[in-house]
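What you see is a predicted model; the values in this text were computed from it and never measured. Note on naming: letters A, B, ... go to the chains in the order of the sequence lines (proteins, then strands), and numbering restarts at 1 for each one.
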Amino acid sequence: MNDAIRKVVMPKWGLSMTSGKVTEWIASEGDEIADGDDLAEIDTDKIAGALESADEGVLRRIIAQVGEDVPVGATLALIAPADVPDAELDEAALLAREELDSGAVAEVAGPVTGSVEVEGRTICFAALGEGEETVVLVHGYGGDKNSWLFVQEPLSQSHTVYALDLPGHGESTKDVGDGSLDVLAGAVLGLLAERGIERAHLVGHSLGGAVVVAAAAREPARVASLTLVAPAGFGSRINAGYLRGFAEARSRRELKPHLAALFADPGQVTRQLADDLMRYKRLDGVDKALGALLGTLLDGDEPALDVAPLLSEVDVPVAVVWGRRDAVLPATNGEGLDDVEYVEQAGHMVHLEQPNAVVAAVNAVTNRR
Amino acid sequence: MARTISYREALNEALAQEMERDESVIVLGEDNAGGAGSPGEDDAWGGVLGVTKGLYHRFPGRVLDTPISESAFVGAAIGAATSGLRPVAELMFIDFMGVCFDQIFNQAAKFRYMFGGKAKTPVVIRTMYGAGLRAAAQHSQALYPIFTHIPGLKVVVPSSPYEAKGLMIQSIRDDDPVIFCEHKAMYDVTGEVPEDSYTIPFGEAGVVRDGDDVTIVAIGRMVSVAEEAAKQLADSGVEAEIIDPRTTSPLDTETILESVENTGRLVVVDEATPRCNLATDISALVAKEAFGSLRAPIEMVTAPHTPVPFSDALEDLYIPDAQRVANAVKTVVEWKR
């Protein structure tokens, strides 16, 4: 096949995804496509999201029809410059269609999961990509490594990307000790040490933002850059009601109304999201962990963390991304920071609502020297 | 870490983790340790279907092999529960429960109430129910409605490996008698289950699938039957919401009513025979509390009012299947006044 013809394939969003459906083609055949443009809406049994182009050119052929079940890695469409002859695209489309019909799609290697022992705790991670430089993604309060699913895959094209579960979260040990930033930052640095990663670009969301700043302050030589996504520890406002509601919810029905605070688009609060979070909250030890971390985040109804002094000690490139409609840590918290990129159509979960903004920020900061 | 394991393994893991965590948890029942066809206790069989396999050696002295005397060992388990242990008794087939009704209905279920809250009875009675294994009329019934009828008992009917583990751990930690009903045709069903211990609270239904056209409430094994039907229906443009009550007592009435208020249509799928079962109970609830929302009469998909047939062909007809559920859904969706 002509190298100029690029395949758009079904992405692998998360460890358990094996196939998905196109629910809508946003781009049409003949459209000019830029890197990062939304091509199609994809639905899996767990999650829905927009597929962004990793190439530029013209969308020449659409292979997968709306509603068709497509295995991960199978070709959905073909992108090529306008000067590639139609005959070549017809041939490539035929092959892609045959591959799809036969079901003989080569299995895509998803993230590799593993764990390390840090200070008596098991810290779990998912790693993807083979790039020379390493990016480590650190989730927020109540999140886990899977919350980066739309970000980890695109970043893995140029980096080795780790997403970890902080203590008290995901599949890591639920004991968080005193729940201090030091314990959490220790887990991130411990992962780097145990995996033999000398230096990494750290990306932190929310509580994870404060964690990566603390990690950089503690071992500056190990940190190449910081990307802070709606980070905790800056500014004077915090939605204490959301945090307590999340920690205290005992059922899906109690939890779901609180989740609306996370997104600009309330349609993102699906039953599946609430179910997945309840599965996490039901694990032994999670109640205690969330309670301890609540003490780290809150002082009464005010923010308890201030990591601005720590950040000022750190001499590495820093990028900040904030959802303009953040209802947990309002975007005004970013006022004291330099070069904040505000994302209009995003709430607190920028990396789920507008993942391309986070991907672009990380790519830019990792290229800065 | 979540991995894919069977319903049987999920139950075994729940028992092992609770026995590890709490010394007062013991297991007793027929062949729990020795087992049919084995030369003795050393060759642990782990119950007729292997759910307790491996526990005998791991927890010395805490897995008791009992004689074939349900009334005796269920009574012993209840007595042990009132005096400080947390026994999990395995009563092989729910069909045999009849010989220990007094112990369960009139003793265990009443202690907390009759002793003014001073007694607790944290006993779990595990038992197999359901048709489909060619086990004939005396070993195939879905008798959970009988226990649901008795105040003071909690009744659990898990629909998947994830549910099985979380509900079993909750059952063991609960201070009231729990009848834990395992479908005998589900032990090899697999699903994602976290390695960590976790609990699923009683009285909180799972919403297995979202839909706006019809509510399907399905019990135990019937949840997967409803899911199969929902897939077929989606191809013809009908989106079914599937609710798995998980526990029939207590029953999460709120989730059922909220769903029917949205869809306006209800189909209840229950493997039990049709008189005084969960289908009639849930239908009565919805007819009374959400009558104004109903756009069609309620449909019930159940077994017929007969013993479970010995003939393979008849047994297959006896168990509600996806086609019958889909037909019932079509009836309520197409219903015109």
Side-chain angles (χ1 to χ4, degrees), chain A residues 14-18 21 23 43 45-48 67-69 111-115 121-126 144-146 165 167-175 249-257 267 269-289, chain B residues 1-4 13-14 17-18 20-22 160-163 165-170 172-173 190-212 227 230-231 234-237 239 241-244 246-247 250 252-259 262:
Chain A
L15 296 169
S16 62
M17 178 171 171
T18 55
K21 282 180 183 153
T23 50
D43 201 1
D45 48 3
K46 285 212 167 220
I47 195 143
E68 189 177 355
D69 201 40
V112 178
T113 58
S115 64
R121 297 186 183 88
T122 302
I123 303 300
C124 292
F125 63 83
D144 66 24
K145 57 184 178 297
N146 295 315
D165 289 331
H169 293 81
E171 292 169 347
S172 292
T173 299
K174 298 304 172 294
D175 164 57
R250 289 284 166 274
S251 67
R252 185 185 59 246
R253 192 178 295 108
E254 283 175 24
L255 179 66
K256 213 173 159 189
V269 184
T270 59
R271 193 258 311 156
Q272 183 71 48
L273 175 75
D275 273 353
D276 286 349
L277 287 169
M278 282 314 301
R279 282 188 179 219
Y280 159 64
K281 284 175 60 67
R282 288 183 194 123
L283 297 171
D284 279 4
V286 167
D287 258 1
K288 201 175 158 205
Chain B
M1 187 171 268
R3 69 264 112 98
T4 299
E13 190 169 275
Q17 287 179 346
E18 284 307 282
E20 193 72 56
R21 192 186 70 88
D22 180 353
S160 77
Y162 174 80
E163 260 76 21
K165 180 175 169 181
L167 289 167
M168 175 55 78
I169 293 175
Q170 177 68 38
I172 293 170
R173 295 183 191 176
T190 57
E192 253 186 42
V193 179
E195 271 175 42
D196 286 342
S197 290
Y198 60 93
T199 53
I200 299 178
F202 291 165
E204 185 189 337
V207 180
V208 180
R209 188 181 190 283
D210 299 308
D212 288 324
E227 283 185 276
K231 268 190 203 143
D235 291 336
S236 54
E239 295 297 340
E241 185 144 293
I242 301 175
I243 293 175
D244 166 14
R246 293 183 182 141
T247 57
D252 181 354
T253 56
E254 218 174 323
T255 297
I256 296 170
L257 292 171
E258 268 174 16
S259 176
N262 177 44

Next item on the list: Name the member of A:S251, A:G67, A:G170 that forms the most heavy-atom pairs with chain B at distances under 4.5 Å.
Entry: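 Highest number of heavy-atom pairs under 4.5 Å: A:S251.
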Check: Is any side-chain N of the basic residue among A:K174 and A:D287 closer than 4.0 Å to the acidic one's carboxylate O?
Finding: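 Answer for the salt bridge query: no.
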Checklist line | Criterion side-chain contact (heavy atoms from CB on, under 4.5 Å) on B:I169 and B:R173, from CA distance to verdict | finding: CA-CA 6 Å; B:I169 293 175; B:R173 295 183 191 176; 3.4 Å; yes
Check: Between atom CG of A:D275 and atom OG1 of A:T270, what is the distance when rounded to the nearest 0.5 Å?
Finding: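 Output value for this atom pair is 8.5 Å.
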Notebook entry, point to check: Can you tell me how far CZ of B:R21 sits from CD of B:E18, rounded to the nearest 0.5 angstrom?
Noted result: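 Reported to 0.5 Å precision, the distance equals 4.5 Å.
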Which atoms of [X] are under 4.5 Å from chain A, going by heavy atoms: the side chain, the backbone, both sets, or neither?
X: B:A205; result: backbone
X: B:Q170; result: neither
X: B:D235; result: neither

Note to self: Using heavy-atom distances under 4.5 Å, tell me whether A:R250 contacts chain B through its side chain, its backbone, both, or neither.
What the structure shows: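 When you check distances to chain B, only backbone atoms of A:R250 fall under 4.5 Å.
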Checklist line | For B:Y162, ring-ring contact (aromatic ring centres under 6.0 Å, His included) partners two or more places apart | finding: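 So B:Y162 forms a ring-ring contact (aromatic ring centres under 6.0 Å, His included) with B:Y198.
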